[in-house]
Amino acid sequence: MHAERYNPRESEPKWQQLWESRQTFQSRNDDPRPKYYVLEMFPYPSGRIHMGHVRNYAMGDVVARYRRAKGFNVLHPMGWDAFGMPAENAARLNKSHPGTWTYANIATMRGQLKSMGLSLDWSREVATCDPSYYKHQQAMFLDFLKAGLVDRKKSKVNWDPVDQTVLANEQVIDGRGWRSGALVEQRELTQWFLKITDFSQDLLDALDTLDRWPEKVRLMQKNWIGRSEGLLVRFRIDASTAPAGETELQVYTTRPDTLFGARFMAVAPDHPLAAKVAEGNPELAAFIAECRRMGTSVATLETAEKRGFDTGVRVAHPFDPDWKIPVYVANFVLMEYGTGAIFGCPAHDQRDLDFVNAYGLGNVPVVCPEGQDPASFVVTNVAYDGDGRMINSRFLDGMTIAAAKEEVTKRLEAVDIGGKPQAARQVNFRLRDWGISRQRYWGCPIPVIHCETCDVVPAPKASLPIKLPEDVQLDVTGNPLDHHPTWKHVPCPNCGKPARRETDTMDTFVDSSWYFARFTDPWNEQNPTDKAVADHWLPVDQYIGGIEHAILHLLYSRFFTRAMQATGHLGLSEPFKGLFTQGMVVHETYKGPDGEWVQPSDIKIEAGANGRRATMLEGGAEVTIGSIEKMSKSKRNVVDPDDIIETFGADTARWFMLSDSPPERDVIWSEEGVQGASRYVQQLWRLVGEIAGIAAPVGAAAPAEMSDKAVAIRRLTHGHLQRVQENIERLRFNTAIAEIRKLSNALSDAIGEVEEGGVDAGLAFAFREGGDVLVNLFAPMMPHLAEECWQALGHSTAIAEAAWPVADAALATNDTVTLPIQINGKKRAEITVDRTADNATVEAAVLALDSVQKALEGRTPKKIIVVPQRIVNVVA
RNA sequence: GCGGACGUGGCGAAACUGGUAGACGCAAGAGACUUAAAAUCUCUCGGGACUCCCGUGCGGGUUCGAUCCCCGCCGUCCGCACCA
C-alpha cells in the first residue's frame, strides 16, 4: 500500500545501504564501455561540510548519475585535500597532533557526504596527508628535479607574518595572504621553485583548446600569464659618468617606436647599477633603503607616489650619441619584470608622465592621434597611449606605430656592440616560477638532503616516503620540523657524512595538482600513476568547483600535468576537458536588538501583505533583516547541511540547491525555498502513487490503437524527456527542473481528467510510460525518492542501475505548429498549420483569417514574412 | 587605470542567442475542505485609461521584427594592477 507521506529519514539510509552493498558506484578500470570522468574539487577536511559543498557535489552527482544511466563507465571519486595550516593551528590549541584532528574531520565529513546519497566510488578515496599519497608526490618531485623542472634559488618572496611562511604570487590577494589575510612582507630566502615558466607559452596557447572552459577563467589565466612582445635595448653608459666596470644599461620595452620621446632612464632600487652608484653615494643609499621599507607590502606600493633619485649616470640615445639621458633610481620600477630598468617616454606612458611632472623633466609627444595637428598636439597630465602617426622622431616621422616599431627594431638589431646586436626581440611573461617551500610542519616533506660536501643531494627513491615525525612540538616560532631534535639529521646518501634533511614542506597546492590522476589508480604502490590507466580515464570530462580557483589550483594543475607528461607519468597535457565554476550559496543576514549577528535558526519570519518581519524565537525581540551575503561564520548566516538533511532529507536539499538559480550564479538559501522543495517531494510521491494505481504493468507493450488523449500524454512525456536531457547535458539544472515540474504538472492534470471515465489500455500504457520517465528524470537529482517511487511503480531493480529512457523524436515533436501572426510587428492572431506546410500555403491561410483582415483595415500587405515553424509577420 | 561580466514582475528566474517577453517556482491575495490550524485543492498575480496601449537600466540606431546586434551613457559585481 502506498504510504500517504514519503519519509526521507527512513528511506534515504535504506537506499544508501543498498547501493553500498551492491557496489553500484564502483567503477572498474577494465570496463569496456566508454568512460566518463566526473570530478568535483575535493574538500579540505575543515570539520564539517557546508552548503557550498552540498551545491558542488549535488551538481556533480547529477552529471555522474545521468552519464551512468546513459551507459557510460563513470568515474566519480572523492578524497581529501588534507595538509595545511588549520590542522596545525587546531593541534596547537588542543595539544594534539594535526593528523588526529585531520582524520577525525575526515571521518565526520565522509559520514556527512554519505548521508547526501552521492554516487561516489569510495573505494578510491585518498587523503593527501597519507604517506601512501605523498610518497608518490616526493617521487615525482625527484623526477621533476632530474628533468630540470625544479630550481633552488635565492629570491625575494612573499612572507606571511601570521602564518609564518612563504606564499606564492598567486596566493597573495590585494597584498594580503590568501588564508591569513595578513599584509604580506617581502623577504629574501632560498627557496624551491617549480619551473612553471618553462611552459608559459604552452599554458597560454593551450587555453584556446579548452573550449569547454568558461571564457572568464581562460581570460583570467591569460592575463595572469601576461605575455608581451617587446625589445631588449642596450644603452651605452657615458664613460665620464659610469661607475667602475659599468658600460651599458639594458632595458625592456614594448614601445621601441617611442624611443625619440625618451626623457629619462629609471632602474629599480634593487638594480645592480643602483647598488654600484650607492656605494659612493650615501644619499642614494638612503633613498634605496627607504624604497625597500615602502616596498615591504604590496598595498603601500599601490598608493605610493612616483619618486626618483638622479644617479648622475648618463646614457647615450641609441640613435644619437650626443643625446645624453639621465639615469634615475625610481620606486615604481620592478626588478622582477624585464631587466629591472626602463626608458621613460612620458608623453605616452602615464607613470612616466607622473614622474616627469614631479621632477620637471618635460615631455615630447612622438605619436600624434589621427586628425590632430602635430604642431599643436601637446601632452600635459594625461599620457596618450592610442594609435596615430609618428612625429618629432626624425626618420620615423609619418610612420604608423607598427611600422616605427619594426623600423627601430631592424636598425638596432643591425648595430653591433661588442659582438652582440644593440637590440633583440624578446617575449616577456608576467608569470613567475612557483615557489613551493613552506616553513610548516603539516605538509609533504621535500625529499632532499643538504650535505656540506656534496651540497644538495636528492633523497634516494628507495627511502621514500620521507615521513613526517609523529612526535612534533608545534608551539615554537618558525618551522617545527626544523626544531625537531633528531628528524633532520641523516647521513648524506652520497658520501655518508652527517648531513641534514630539507625541513621545508611543499605548498599544499602541490598536493591538489595531481590528485585527479591518482584517482585513476589509487592502489598503485609502485608509482604515482599507471600511465595507461591514467591516459584511459583522463582528461576529466567534467570538473566542477568554485571560481576562486580560476588561477591558483587550475593553473598549477595544468602545469603539473605537463610536468608529469614530461617525466613519463601521463600521456597528455591538459587535465580538465570540461570545467564548470559554480556560484556561491548566500543567505540573508540578521541583526538582533543590540546590533549583534543572529543565526537563522534562532529567528522566526512572518510574511504578510506588508512584507516580511523577523523576531527572535526566544523572547520575541525585533530582528533586522539585512543584506544577502555569502554564508560565513562571522556573520552567522550559515545553515548546517546536517540540520537540513535531518529535517527535510538529502533529496530536498539537493533539489532546492539545483532548482532555484542558474548553477554559475549565486543561489539564495531560504527557508521558504526549502519548504517548497519539500512540498514537491511529497507531491511527486502522491502523484506516483496515483499513477501506480492506473498504469499498465511493467513491460506491457503499447496497444495498437490509442486515443488522442493517450497520444497527447505520450507526446508530453517524450517532449519533456528530450528537453530535460538537453538541459542536464548543458548543466542547466534549473531549467531541467522546470521541465520536470511541467511534466509532473501535466501528468497530474491528465489523471484529474480521466478519473471518472476509467482508463483504457492506451491510457494505461501512457501513464506507465509517463510515470517511469518522470521518475527517471528526477532520479539524478533526488535519487532516494526515485528509488522509492521506482519500487512503487512495480520495478524490482534499482533505478540507480536502470538505463536512461530513449526519447522518441517523432513523439517529441508535434505534427502541427501554432504560429503567432504579427501585423507590423505586433501580435494580432494565431494560426495552427501543418508542421511541414510551405510558406505559400501558410501565407494564404493567414490572409484568409478574419482577424487578420480586420487588423489590416483594408490595407494591402506589402510583404509577408514567414519563418517556418516560428512566426508570420504581415507588413502593411 | 586596464580587462571582463551582468542589469527582465514583490523575489529567484525563463525565452531554443533576431521571432508570442515573464515558462517553472517563491512570496502574496481570494475561495473550497476543516470546530480550528496545518496539509491539500481551485482561482488571481508586470503596469495602465484593460477588445487597446505601455513595458526587459537610460538615450539613440540597424531590422518586417530587438531582452538578444551596433553606438553613447548610468549602475552593480568580478579579475588584474606601477608588468615598461
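Sequence lines set the chain letters: A, B, ... in the order given, protein chains first and strands last, and positions in each chain run from 1. All figures in this text were calculated on a predicted structure; none of them were measured in a lab.
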Open item on the list: Mind checking if A/V874 touches a base, just sugar-phosphate, or nothing, with heavy atoms under 4.0 Å?
Closed with: nothing
Between the base of B/C64 and the side chain of A/K862, is there a donor-acceptor distance below 3.5 Å? no
Syn within 90° of 0, anti beyond: B/C50 is syn
Rounded to whole Å, CD1 of A/I821 lies from C1' of B/C64 at a distance of 15 Å
Rounding to an integer number of angstrom, what distance separates B/G48 and B/C69 when you compare their P atoms? 31 Å
Notebook entry, point to check: What interatomic distance, in whole Å, is found between P of B/U42 and the corresponding atom of B/G19?
Noted result: 34 Å
Thinking salt bridges, do A/R723 and A/E726 make one under a 4.0 Å N-O criterion? no
Is there a side-chain polar atom (N or O) of A/R665 under 4.0 Å from OP1 or OP2 of B/A14?
-> yes
In whole angstroms, the gap separating P of B/A27 from CZ of A/F656 amounts to 10 Å
note: A/I605, atom CD1; B/C11, atom P; distance rounded to Å ~ 17 Å
**Q.** Phosphate OP1/OP2 of B/C82: any A/R307 side-chain N/O under 4.0 Å
**A.** no
Taking B/A13, B/C82, B/A84 as options, the one with an atom nearest any side-chain atom of A/K306 is B/C82
Nearest-Å distance once atom P is located in both B/C11 and B/U56
16 Å
Discussion item. With a cut-off of less than 4.0 Å, is there a side-chain N or O of A/R732 near OP1 or OP2 of B/C24?
Written reply: no
So, OP1 or OP2 of B/G18: does either fall under 4.0 Å of a side-chain N or O from A/R870? no
* Asked: Do any side-chain nitrogens or oxygens of A/Y252 fall under 4.0 Å of OP1 or OP2 in B/A84?
  -> no
Would you measure the distance from the P atom in B/A14 across to the matching atom in B/G1 and give it in whole Å? 32 Å
When rounded to the nearest Å, what value does the distance between P atoms of B/A15 and B/U8 take?
-> 15 Å
- [ ] Look at the side-chain N and O atoms of A/R679 and state whether any lies under 4.0 Å from the OP1 or OP2 oxygen of B/A27.
- [x] yes
Taking for A/D660 and for A/T818 the nucleotide of RNA chain B with the nearest heavy atom, the one nearer the 5' end belongs to A/D660
note: A/L687, atom CG; B/C41, atom P; distance rounded to Å ~ 11 Å
Separation of B/C53 atom P from A/K827 atom NZ, nearest Å, is 13 Å
Ranking B/G3, B/A14, B/U20 by distance to the side chain of A/N223, first place goes to B/G3
Per atom distances to the A/A738 side chain, the nearest of B/U40, B/A23, B/C82 is B/A23
Which of B/A14, B/C80, B/C82 is nearest the side chain of A/R430? It is B/C80
| query | Salt bridge between A/E229 and A/R227, side-chain N to carboxylate O under 4.0 Å? | reply | yes
Walking RNA chain B from its 5' end, the first of A/N734 and A/E739 to be reached, judged by nearest nucleotide, is A/N734
* Using a strict cut-off of less than 4.0 Å between a Lys/Arg side-chain nitrogen and an Asp/Glu carboxylate oxygen, indicate whether A/E290 and A/R307 qualify as a salt bridge. => yes
Report task. Check whether the ring centres of A/W655 and A/F778 lie less than 6.0 Å apart, and answer yes or no. Result -> no
Practice item. Please work out if A/Q822 contacts a base, only the sugar-phosphate, or nothing of the nucleic acid, heavy-atom cut-off 4.0 Å. Key: base
Within 45° cone of A/F355 ring axis and under 6.0 Å: A/K306 NZ or CZ:
no
Any stem touching RNA chain B, meaning at least three consecutive Watson-Crick or G-U pairs under 3.5 Å, ordered by first number, would be B:1-7 with B:74-80, B:10-12 with B:24-26, B:28-32 with B:40-44, B:46-48 with B:52-54, B:57-61 with B:69-73
Task: Same-atom distance (C1') from B/U67 to B/U63, integer angstrom - done: 16 Å
B/G46 glycosidic conformation (syn if within 90° of 0, otherwise anti) is anti
Practice prompt. Taking atom C1' in both B/G22 and B/C70, compute the distance separating them and give it to the nearest angstrom.
Written response: 26 Å
Between CG of A/N331 and C1' of B/A84 the distance, given in whole Å, is 14 Å
From the candidates B/C64, B/U20, B/C82, the one with an atom nearest any side-chain atom of A/V875 is B/C64
Phosphate oxygens OP1/OP2 of B/G4: is one of them under 4.0 Å from a side-chain N or O of A/K216? no
message: Using OP1 and OP2 only, check whether a side-chain N or O of A/N745 sits under 4.0 Å from B/C24.
response: no
From CE of A/M335 across to P of B/A84 the rounded distance in Å is 16 Å
With a 4.0 Å cutoff (strictly under), does any side-chain N or O of A/R828 reach OP1 or OP2 of B/U20? no
For A/W224, does the six-membered ring have the charged nitrogen or CZ of A/R430 within the cation-pi criterion, i.e. under 6.0 angstrom from the centroid and within 45° of the normal? yes
| field | Between B/G10 and B/C6 - P atom distance, rounded Å | value | 23 Å
Closest of B/G3, B/G19, B/C80 to the A/L219 side chain is B/G3
- Message: Counting distance alone, no hydrogens or angles: does the base of B/C64 have a donor or acceptor under 3.5 Å from a partner atom on the side chain of A/N873?
- Response: yes
